[in-house]
Enquirer: 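First the structure, then my questions, so here it is.
Everything quoted here is computed from the prediction, not taken from an experiment. So you know, we letter chains A, B, ... as the sequences are listed, proteins then strands, and number each from 1.
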Amino acid sequence: MSGMNILPEEFFKEDTVKVAQRLLGKVLVHNLPEGVSMGKIVETEAYLSKDDPACHASRGKTKRNEAMFGPAGMAYVYLIYGMYYCFNVVTREEGVGEAVLIRALEPLEGIQHMHQRRGTSKVLNLTNGPAKLCQAMGINKEHNGISLLNSNLTILDSQEKPRIQSSPRIGIKTGVDLMLRFYAAENPYVSASISRKTFEK
DNA sequence: GGTGGGATTAGCT
DNA sequence: GCTAATCCCACCA
């Protein structure tokens, strides 16, 4: 059946903005002992190596951001605010230091497990934020630096082509003028805080 | 419906 | 010491 293939390295090696846009509609899959969890990617942000002070890689390689300089298709997972994780996919050539932050998913499978891991009864609140989706999908620091090309955490291809909208990125203090956030139009699972009010009014 | 503050930790400066 | 690509809850309207 078409559309069930794992995205290959070449997909992630491209221009980071293009990858961020093309990831919308693709399916993040985590195979766990208790069962598989899957969600359709509906919101992303691009982080660039040049002229982007908001990018973790902008001040060179450190222990924290090391995975961001890895090969295309590597996972970059970091701890934020001392208690949450955010999940990125590394893009371009090894050593460049660019990535796409996955900001929201539409839950597809393993929803009962997501409820358990999140501790919420509302489906809309399972994966509509970068730290929420990590908790729902069971993604944590152990996934930092692993390959999404051949592990139990992968991204599947899909023929879906959602209508794409863009905005500034969320939660950053620098680089706010750049339109590097992308999301599927009219999808209820895009992260709550901004989307409609500020930019679609 | 909207807002303001607290939680909590590793790594940078 | 201070901050961070966030989330949640209490409180006000």
Enquirer: Atom CG of residue position A:D177 - does it have more than 12 heavy atoms of other residues, nucleotides or ligands inside 6.0 Å?
Expert: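 Enclosed: over 12 neighbouring heavy atoms sit under 6.0 Å from CG of A:D177.
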Enquirer: For the C1' atoms, the ones on B:dA10 and on C:dC8, what distance do you get once it is rounded to whole angstrom?
Expert: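 These two C1' atoms come out 22 Å apart once rounded.
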Enquirer: Could you check how far CG of A:N125 sits from P of C:dT6, rounded to whole Å?
Expert: 15 Å
Enquirer: A:K173 side chain N/O closer than 4.0 Å to the phosphate oxygens (OP1, OP2) of C:dT3?
Expert: no
Enquirer: Counting only side-chain heavy atoms from C-beta out, which of C:dC7, C:dA5, B:dA7 sits nearest to A:M83?
Expert: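 Of all the options, the side chain of A:M83 is nearest to B:dA7.
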Enquirer: Stacking between A:Y84 and C:dT6, defined as ring centres under 5.5 angstrom apart with planes under 30°, is that present or not?
Expert: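 It does not: the ring fails the test against the base of C:dT6.
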Enquirer: Between atom OH in A:Y85 and atom P in B:dA10, what is the gap in whole Å?
Expert: 9 Å
Enquirer: Applying a 4.0 Å non-hydrogen cut-off, can you work out what A:A54 is touching in the nucleic acid: base, sugar-phosphate, or nothing?
Expert: base
Enquirer: Measure from NZ or CZ of A:R163 to the centre of the six-membered ring of A:Y183, then state whether that distance is under 6.0 Å and the direction lies within 45° of the axis.
Expert: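 Relative to the ring axis of A:Y183, which defines the angle, A:R163 lies outside at least one limit.
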Enquirer: Remember a base hit wins even if backbone is also touched, and classify A:L101 as base, sugar-phosphate or nothing at under 4.0 Å, heavy atoms.
Expert: base
Enquirer: Is A:R92 salt-bridged to A:E98, cutoff N-O under 4.0 Å?
Expert: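 A salt bridge is present here (some side-chain N lies under 4.0 Å from a carboxylate O).
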Enquirer: Taking only the side-chain heavy atoms of A:A131 (C-beta and beyond), determine which of C:dC8, C:dT6, C:dA5 contains the nearest atom.
Expert: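 Among C:dC8, C:dT6, C:dA5, the one nearest the side chain of A:A131 is C:dT6.
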Enquirer: May I have the distance from A:R117 (atom CZ) to C:dC7 (atom C1'), rounded to whole angstrom?
Expert: 18 Å
Enquirer: Which nucleotide in the set C:dC7, C:dA4, B:dA10 lies at the smallest distance from any side-chain heavy atom of A:L79?
Expert: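 Nearest nucleotide to the side chain: B:dA10.
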Enquirer: Does B:dT8 pair with anything, Watson-Crick or G-U wobble, both distances under 3.5 Å, and if so, with which nucleotide?
Expert: none
Enquirer: State plainly whether the residues A:K40 and A:E160 are in salt-bridge range, i.e. N to O under 4.0 Å.
Expert: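 Here A:K40 pairs with A:E160 in a salt bridge, since their nearest N and O are under 4.0 Å apart.
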Enquirer: Let's test this: given Watson-Crick or G-U wobble pairing with both distances under 3.5 Å, identify the partner of C:dA5.
Expert: none
Enquirer: Please give, in whole Å, the distance from C:dC7 C1' to A:N128 CG?
Expert: 10 Å
Enquirer: Just the rounded figure in Å: distance from C1' of C:dC9 to NZ of A:K122.
Expert: 12 Å
Enquirer: Using atom NZ of A:K141 as one end and atom C1' of B:dA10 as the other, report the distance to the nearest whole Å.
Expert: 10 Å
Enquirer: Figure out the CG/P separation between A:L126 and C:dC7, and round it to whole Å.
Expert: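 After rounding, the reported distance stands at 13 Å.
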Enquirer: Any heavy-atom pair between the side chains of A:I111 and A:L126 that's under 4.5 Å?
Expert: yes
Enquirer: Would you tell me if any nitrogen or oxygen in the side chain of A:T62 comes within less than 4.0 Å of OP1 or OP2 on B:dC12?
Expert: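 For A:T62, the contact criterion (side-chain N or O under 4.0 Å from OP1 or OP2 of B:dC12) is met.
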Enquirer: Tell me whether the side-chain N/O atoms of A:R118 come closer than 4.0 Å to OP1 or OP2 in C:dC8.
Expert: yes
Enquirer: With hydrogens left out and only the distance checked, is there a donor-acceptor pair under 3.5 Å joining A:Y78's side chain and the base of C:dA5?
Expert: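 Check passes, donor-acceptor contact within cut-off.
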Enquirer: So, for A:T174 and A:P53, which heavy atoms are closest and what is the spacing to 0.1 Å?
Expert: OG1-C, 3.6 Å
Enquirer: Under 5.5 Å between ring centres and under 30° between planes: true for A:Y81 and the base of B:dA7?
Expert: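 No; by the centre-distance and plane-angle rule, A:Y81 does not count as stacking on B:dA7.
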Enquirer: What integer distance in Å separates A:R64:CZ from C:dT3:P?
Expert: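 Going from A:R64 (CZ) to C:dT3 (P), I get 15 Å.
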Enquirer: C:dT6, B:dT13, B:dT8: which one has an atom nearest the side-chain heavy atoms of A:R59?
Expert: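 Within the option list, the nearest is B:dT13.
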